[in-house]
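The block underneath contains the structure these notes are about, expressed in C-alpha cells.
Not measured: the values here are computed from a predicted model. Letters A, B, ... are given to chains in the order of the sequence lines, protein chains preceding strands, and every chain is numbered from 1. Only heavy atoms go into these numbers, but all of them, side chains included; no hydrogens, no water, no symmetry mates.
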Amino acid sequence: MSRSLFRGLAQAGGRAFRHGGGNGIDTDRQIRFTFDGTSYVGHPGDTLASALLANGVRLVGRSFKYHRPRGLLSAGPEEPNALVELRQGPWREPNTRATVAELFDGLVASSQNRWPSLAVDALGVNGLFSPVFTAGFYYKTFMWPASFWEKVYEPIIRRAAGLGRAAEEADPDRYEKSNAFCDVLVVGAGPAGLSAALAAAQSGVQVILCEQDSLAGGRLRCDATLIDGRPGWMWAQDAERRLSEMPNVRIMTRSCVFARYDGGTYGVLERVSDHLATPQDGQPRQRLWRVVAKQCVVATGGIERPIIFPNNDRPGIMLAASVRTYINRFGVVPGRRVIVYTNNSDGLRTVADLQRAGARVVAIVEASAHPSKAAQDLASRSGAKLFANATIANTFGRLGVTAAVIRDNYGKEHRLGCDLIAVSGGWSPDIALTTHHGTRPVYRDDIAAFVPAPNAANQDLHVAGVASGVMTDRDAFESGLAAGYLAAGKTGCGDGREQTLTSPSVVDEAYDIIPVWHGLDAENMRRAGKAFVDFQNDVTAKDVRLAAQEGFQSVEHLKRYTTLGMATDQGKTANVNALALLAEITGRTIPQTGTTLIRPPVQPVALGALAGAHRGKHFKPHRLPPTHRWAEEQGAVFTDNGLWRRAQWYPRAGESNWLETVNREVQTVRNGVGFCDVTTLGKIDLQGPDVRTFLDRLYVNAWQKLPVGRARYGLMLREDGFVFDDGTTARLSENHYVMTTTTAKAASVMQHLEFCHQCLWPELDVQFISVTDEWAQIAVAGPRSRDVIRQIVDPEFDLSNEAFGYMAAAEVTVYGGINARLFRLSFSGELAYEIAVPARYGDSLARQLMRVGAPYGIAPYGTEALGVMRIEKGHPAGPELNGQTTAHDLGMGRMLSTKKDFIGRRMAQREALTDPARATLVGLQPLLPDAPLVSGAHLLPKGAEATAASDQGWIASSAWSPTVGSWIGLGFLQNGPARLGEVLSVHNPLAGTVTEARVVSSVFVDPEGTRLHG
Amino acid sequence: MRLTCPHCGPRGLEEFSYRGDATVRRPSLEAPEEDWIAYVYLRDNPCGAHKELWYHGSGCRAWLVVERNTLTHAVHSVNAVSVEDAP
Amino acid sequence: MSGERYSFFSLLRETLRGHTGWKPAWRKAAPQKAYDIVIVGGGGHGLATAYYLARRYGLTKIAVVEKGWIGGGNVGRNTTIVRSNYLLPGNVPFYEQSMKLWEGLEQDINYNAMVSQRGVLNLFHNDAQRNAYIRRGNAMRLNGVDAELLNREAVRAKLPFLDFDNARFPIQGGLLQRRGGTVRHDAVAWGYARAADRLGVDIIENCEVQGIRVHDGHVTGLETTRGFIGARKIGLACAGNSSRVAAMAGLRLPIESHVLQAFVSEGLKPFIDCVATFGAGHFYVSQSDKGGLVFGGDIDGYNSYAQRGNLPVVEDVLEGGMALMPRIGRVRLLRQWGGIMDMSMDGSPIIDRTSVGGLYLNAGWCYGGFKATPASGLCFAHLLARDEPHAVATAYRLDRFGKGAVIDEKGMGAQPNLH
C-alpha cells in the first residue's frame, strides 16, 4: 500500500484500520490528537501507538545511529522504536514510548531525532557510512591531534547524540511519595497474577496487586483465548471485580513495580495522571510508592523476541503477539497483506486473528524443519503459502515494508508483496525483578529462554506464569494459584481458610519452539543489508560478529563495546537474541556464553517522581529559631546555617551597605549592649550521679571539680585524636548539667554521646536528651548587658559580679516565675550572658529585650557581627574546627589532661598530631589596614615564589574589625607561634592578588580578658 | 533494607545511621599503641556475615548490634547493644 | 600481540575489506608457570600498572589475573569523571599527574578513550563553602593546576537552567577546573589492556585468586582457579575486594567496602556541557556523548559487597537533582547500579609495600578511583619496579594511619562512610 493511500485513509477519520471493537477501547467516543502537526482521531482506551496504527501511520521514529525509518515493533513497554516527544513546553516528555502512552483528548506528540522531518531525515546519510560506523569504530580513530577531540570531533558527535529533548523549563507538575505495607505483593495482573492475588486474598492476608497497564488481564486482553467458554478478558474483568470487592485487597493499575530493594522493599511508580490532559485537582502527576511486602509474587509475563534477518527493522515488521494485541484489544489491524514468520507455535495464533480481522495472510514462514500440523491447517484454511525450514532473506520498502523475500527449504527465493510481517522468535520470561538481587537466571533448552534461578524463588519471592517459564494459560492459572497460596502461607498472617480456588477451564495448546534466532547465512549477511539485533541503538548481527572477532566475547564486553541493550528499552527485545548469536559465533552454548543481570528500574522512571515534593524551597525543611518572626519584622537579612535560617544582620534606614550595618552592630555590643539568638547551638540536658565522669571521658579537660553554678569550656576529640567539637557545659545542680555544642555538630555530638554511653560505658548512671528545640537561647552582650538582664530576671536573683561572675550558671526565673537558665558566657569577649527560656517565650523575650534595653541603646545583631567579634577574640569556629585540625593546631594542646582517659587521648599524643611544623592558629593583620584579607588565601614567606613548595598555611576566617580598625584574620601557619611579627605574602591566585600581612596574636581585642570579667 | 529495632519494630533504612564493625573493642588507656591503631583504623571488612553497629537516630536513639550479610544484605539479627557485648 | 596501530587509515582499509582483518584487542592468555610480577585485578588500575611496567620500566614477564572479565569492576561502573581539584598537599600532585596522563593517553596507548576536557564545576551556596573552595582553588593554583572561581552570574551564563530563583540553597558561585571532564570509562580498561598486551603482558581472565603463597616472609606466587602461578612480586589492585585478597596473606587493612550507586537517564539532546556538582546536596551530573545524563550522589553508607544499593539514596540523589535542575522532572531514569568502593579510613588511597615481602598494595580509592587510573598505574608500576614510592605518591603510605599522618580531605576522621 502506498504512502499516499495511507494518508488518505488517515484522513477518513481514523477508522481505516479499525476492524471493529477491541476489548479495551470505547468506540462510541472519539478523541482528537496530533502527531507531527497532523490531527487524528482515536478512541478512549487507545494508546498513541494503536491510534496511529488505526490512522494508517506506520512511520513513527528514526533510529539512533543510522536514522533508519522505524515503525512500531511492539504493543507494550518493551518498544524500542516508537519513541516520541509527548506534550509540549515545560510538560515535554522526551523518549515516550507510543505503545504505553494512553490517548487523551488534545494529546500532542512529535517524532524526534530527525531533521527536517520524519519522512526526510538528513542524517539518514549515516546509513551510507555504516560500513565505517561499525561497532566501536570511534575507539580506533579521532585520536589526532589530541586537542581536536573537544574542538572538532566531540561537537560533531554530540550534535548527533541523544534522542528527544528535555523540557527547557522547570517541570510544572507535582509528584508525591507514599508508603504502603502488605503481606503479599503481586506484580502483574495477567492470568497468573490475578490467580495469585485471588489465592492470597482468599487466605485472608493483606494483598496489593500492581499492574503497570491501565487494565488488568495481561495477555488475556491481547489474545482470543476462551476461558470458561468466554473471551479471556471477561474472566480477567470478573477476577478484578471480585478482588476489588475484597477488603484485604488493593488493586493498583498504571503502577509499575520498577525495582526490588532489600528487606522486602519495592519501588512502585503510579502514573496517576499521565492518561489525562492535566492532573485532576489536588492530584500529582505521578506517585512514588515504597511498598513493603512480606512476600512477593512476580507474575510479569513474558516479552516476545523478534528474529534477526536482513532489513528486519522496516515499519510494518512487528512482533506477532503485538499484532494480535492491536487486533483484539484495540480493534486495529496493522496490515492487509501479511506474512507470519515464526519459530514457535504461539506465533501461529496470529494467522487466525488476522483472518478474523479481515487481513489476508499471504504466507506462513516456519523455522521448523517440517511444517507443523497447526500451520498446515491454518494455511489450508486461509490460503496462505506455507514455507517450513524457511527464512526471510530480505525485505523492501523505504518508509514501510512492501515486500519480502522468503528463502525456502531448498534455498529458493520467493518475493512476496506485503505490508505487514508478523514475527515471533519465541518468548522470554520477564525476569527483571528476579535478578535485581544479583541472582542469575538459568537457561532452559525446552523453551529456549532464561527463567529465574530456583534460588531466586527464595523465602520471599515467588514467580508464576510465563515469568516462571510455564508457557500455557492453564499453567499460568495453576502456577498463579499455587504461588498465591504459598506466599500467603509463608507470611503466617492468613486465617487458615480452605484453599478452594481452582483454575478456570481453558483450551490451550502446548508451546513448541525451535531455537532458531536468525535467518542469516554468510552470503545474505554480506549481500542483503543490515540485520538488526538491537533496533534502537542500531546494533546489527555484523556488529556482534565484529565484536566477537575483536575479543569482546564476554556478554558484558559485547554490550559495552557495541552499546547493545543500552538504549531506552534496555535491550528487552534484543539481549537474548544477541546472546544466542554470540554463542553461535563463538561456538559456545548459550549457558556457557552467559547472561547479564537486569538492573533497575524495570521501566524508566521520571526523575521528578523519585524526588517527589523535595524541590525548590521544599528541597529541605527550614529550621527557624524562636525569634524568627520578630527578626522578620525588624527587616533582618537571613542566611542559611545548615537547615537553620538565621538573621545575618539587621539593616537600619540610612545604612548604605551591609558592612556599615555589621560595623554598627559590633560597635553596639562593644560599647553598649546587643543581643543575638543563639538557639541553634546544640543543647543537651544531662542528669545523673555519673555525669561528671561521663564529661571527663568526653572532653579533653577535667570536669570532676566543676562546682554547682559554674560553666566550663570543653573540647572534644574524635577517637583518632583530631578535634571533634567544642562548647560549654554548665552544672545547674548536683546531678544536672546542660551541654552546648556547635550548631553544625549538634546531631553528631548527640549521637556520639549515645554511642559512648550505650556502647562504651553503659555502667555510668547518666541520662541525657537533646533540648535544642525546647529552649530559646539568646546571647545578651556588651558592657551594659547586666543592666538589661537585671530587668529581665526576677529580682530575687543576685546578678552582681561577685554573686554571678564570669562562667556562672544558674536556673532562674524571669518575668515573675517563668523558668529560665542564665549563663555568664561570652563569645564576643564582652561582659555577656546567655539566657534560655522555654521556646514558646523566645519571641517575647526578644521583644522585652528591645523594650528594656532601649535606654541603653540595645540592638539585635546577626551572625555576621557574631562572626566578626569571635574573630576579634580568636575563638575558633567552623573554618577552624574543620575536622582536620588538632588541639595543638588550635593552641589548646595544653588543655589535654594527662590524668584520665578520654576519647581521643591516645591517638592525639602521636607525633604527627603535635608536630611543631604543623600549621597552627595565628592572627593576621594586613600591613595596610584597608587591604582585605581573603579567607582561603594562602600564606607564603614574604617574597617567595608562588609554588606549592613555599605554601605554609592559609587564612581560615577574616573580617573587617571596626574595633581594631583593620582587616584581621585567623589563619593556620607552619610553626605559627614562633613567627609572631613576621611579615608574610598572602597569595590569592584565583583573584590574582598578592598582599602582605603580619603574624600577630590570635586575640585582637582585650587579650587580658578584663572586659569579660567586668 | 529494613532493620527490626527491638524497641520500635521494623523500620526503613532512612531512620538509621551506620558506624561499622561491632566487634572492635576500645583498648584500655595503657594498651600498646598497635592495639589502639588497630581499634581506630583496621577492619576485617568481611564479604559475608558481619556484626555491625547502627544507630536508630530517627527513632528511639538506641545503638544496635546488627548481624547482616554484606554480600546478600540479609539481616539475621538486631539487638540493642546493651544486651550484647559492648564494643 | 594483537594487531596493528589504530588510525583513520587502518579503519578505512578495514572498511574496504569488510573488517575481516581486525585482531582481538588483547589475547586470551593462558597462565604461564611464573612471572616476575603478577598484578591481581584486571580493572583500570591493574591494567594501567601492567602497561606502565612494560612501557616505562621495561619489564615484560608480567601477568594480570582477573577473576571475571576485564574492566568489570569500578572502571566499568563509575560516572566517568576526571579532575585534579584536590586540596591537600599529599593529593594534589598525584591527581595532577593523573590529569596530565589523561591528556596524552590516547596518543600513548593508541586507543580513543574520548578524554573530554569539558570542565568540572563545583557549586557553592554559602560563604563558608565559598571560602573552602577559595582555599582549595588556591592550593591547586600554587600546585600549577588550573582553577577559576566563578560568581553566580558566571555560573548562570554557563548553566542557565539551574534553579537560581527558587532554590532552598541559592547558588552563589562555583569553582571551575576547565581541564577536568569525562572519559569513556570502558575504553580505558580496553585501551590499557590492548596496549599492555602489545607489549607482551599476559592478561588472564576468568582466573580467580584463591590464595597467596608465602615462603619465609616473601611471596612465591598465587593459587588460582587456573592453577598455581609463580610470582616474584605481587601487586594487589582489587579495589572493593582488597580486604578479601589481602586477608589471604594475613593482612588487615584500614579499609571498608561500601556501595556507591550511579545512575543514567534516557538519551537526550545535549544540554549540559560540563560536569556539575551540587553543593547543598548529594548530586553530581554530566551528559555522555550518547546523550544520557550520568549522575550520582553519596555512598549508601554501610559495608557491602553487593554491587547494588537501596531506595533512600536513590531518592536523596534525585531530590538533589531536582533541586538543582528542575527541568529534568520528566526525564527518565534508565538504569541504576552499584559499585564496591574500597573506602579507606581517611578517604585517600594507599600505594605501598606491605609487611609481606614482595606483596604490594594499591587500594583505598574510595569513590574516586577512576580519575586516578593512569597515575595509580604509573605510581604502582614505579613502586613495583623500583621498590620505592613514585615522587607524586610519597604520601600514600600504609603506615600513615598509625602515625596519624592522614590525608583527610573531608575532615571526617576514621569513619569511612562519612568520606
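Scanning residues 3-10 of chain B against chain C with a 4.5 Å non-hydrogen threshold yields no residues. Of all residues in residues 298-308 of chain C, those placing a non-hydrogen atom less than 4.5 angstrom from a non-hydrogen atom of chain B are C:Gly301, C:Tyr302, C:Asn303, C:Ser304, C:Tyr305, C:Ala306, C:Arg308.
For chain B, the nearby part of C:Arg244 is the side chain; its heavy atoms alone come within less than 4.5 Å. Heavy atoms of C:Leu253 lying under 4.5 Å from chain B belong exclusively to its backbone. Contact of C:Val406 with chain B is made through the side chain alone, with heavy-atom distances under 4.5 Å. Heavy-atom distances place the side chain of C:Gln415, and not its backbone, under 4.5 Å from chain B. Looking at B:Trp54, only its side chain comes within 4.5 Å of chain C, counting heavy atoms on both sides. Heavy atoms of B:Arg68 lying under 4.5 Å from chain C belong exclusively to its side chain. When heavy atoms are compared at a cutoff of 4.5 Å, B:Thr72 approaches chain C solely by way of its backbone atoms N, CA, C and O.
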### Task
Could you check C:Arg400 against C:Asp352 for salt bridge (charged side-chain N to carboxylate O under 4.0 Å, His left out), going step by step and ending with a plain yes or no?
CA-CA 11 Å; C:Arg400 72 172 186 270; C:Asp352 202 1; over 6 Å; no
### Message
Show, in sequence, the C-alpha distance, side-chain angles and deciding distance for B:Val24 and B:Leu42, and conclude whether the side-chain contact (heavy atoms from CB on, under 4.5 Å) test is met.
### Response
CA-CA 9 Å; B:Val24 294; B:Leu42 298 183; over 6 Å; no
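Under the 3.5 Å distance criterion, the side-chain polar atoms of C:Glu205 are matched with a main-chain donor or acceptor of C:Ile70. A donor-acceptor pair is defined here as one N or O able to donate and one able to accept, closer than 3.5 Å; such a pair exists between the side chain of C:Asp408 and the backbone of C:Met412.
Across all their heavy atoms, C:Gly297 and C:Leu260 have their closest contact at O-CD1, 3.5 Å.
Taking the side chain as every heavy atom from C-beta outward, B:Ile37 and C:Phe401 never approach each other to under 4.5 Å. With contacts defined as side-chain heavy-atom distances shorter than 4.5 Å, the pair C:Arg353/C:Arg397 qualifies. Residues C:Asp346 and B:Tyr41 are not in side-chain contact: their nearest non-hydrogen atoms beyond the backbone lie 4.5 Å or more apart. Residues C:Thr49 and C:Tyr360 fail the side-chain proximity criterion, which asks for heavy atoms closer than 4.5 Å. At a threshold of 4.5 Å between non-hydrogen side-chain atoms, the residues B:Arg43 and C:Pro254 do not count as touching. Annotation: side chain of C:Gln261 is not in contact with side chain of C:Val317 (no heavy-atom distance under 4.5 Å). No side-chain heavy atom of C:Asn74 sits less than 4.5 Å from a side-chain heavy atom of C:Trp365.
Neither side chain, B:Ser58 nor B:Glu15, offers a donor N or O lying under 3.5 Å from an acceptor on the other.
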